[in-house]
Amino acid sequence: RLQGLRELADDQRAREQWRQVKRKRKQQLAEVVLRECGVQIDPSTLFDVQVKRIHEYKRQLLNALWLAHRYCELKRMRREAPGLLS
């Protein structure tokens, strides 16, 4: 598959199409980050994104850690405002 890209390396039209697709996808990613994380990023900057599937046991471990974290938060809140979580 990558061999086919060599033929396009000097094709100015193909390179411009590539830049347009890349720009559009970066804009879409910036919109997702803003919507999901509340962080605004400039689509013209360099992105370093890593996406990896997490095995089920790792997902379960992360969920257990999140629950432990949430439990500690609730205990802390109860100490700070005793009547709040009665």
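Note that these values count all heavy atoms, side chains included, but never hydrogens, waters or copies made by symmetry.
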For residues N63 and Q60, determine if any side-chain heavy atom of one lies less than 4.5 Å from a side-chain heavy atom of the other. no

For this session: In sequence, state the C-alpha distance, the side-chain angles, and the governing distance for Q12 and E16, and then conclude on side-chain contact (heavy atoms from CB on, under 4.5 Å).
Result: CA-CA 6 Å; Q12 204 59 29; E16 180 54 33; over 6 Å; no

Using a 4.5 Å side-chain heavy-atom cut-off and chaining through intermediate ILVMFWY residues, the residues clustered with L67 come out as W66

Tell me whether R19 at atom CZ has more than 12 heavy atoms from other residues, nucleotides or ligands lying less than 6.0 Å away.
yes

Partner of K22 under side-chain contact (heavy atoms from CB on, under 4.5 Å), picked from K24, K26, Q20, is K26

Let me check something: any side-chain donor-acceptor pairs from residues 28-46 under 3.5 Å, sequence neighbours excluded? List them with distances.
residue	atom	partner	partner atom	Å
Q28	OE1	R25	NH1	2.7
E31	OE2	Q27	NE2	3.2
D42	OD1	S44	N	3.0
D42	OD1	S44	OG	2.9
D42	OD2	S44	OG	2.9
T45	OG1	D42	O	2.6

Under a 4.0 Å threshold between the charged nitrogen and the carboxylate oxygen, would E73 count as salt-bridged to R70?
yes

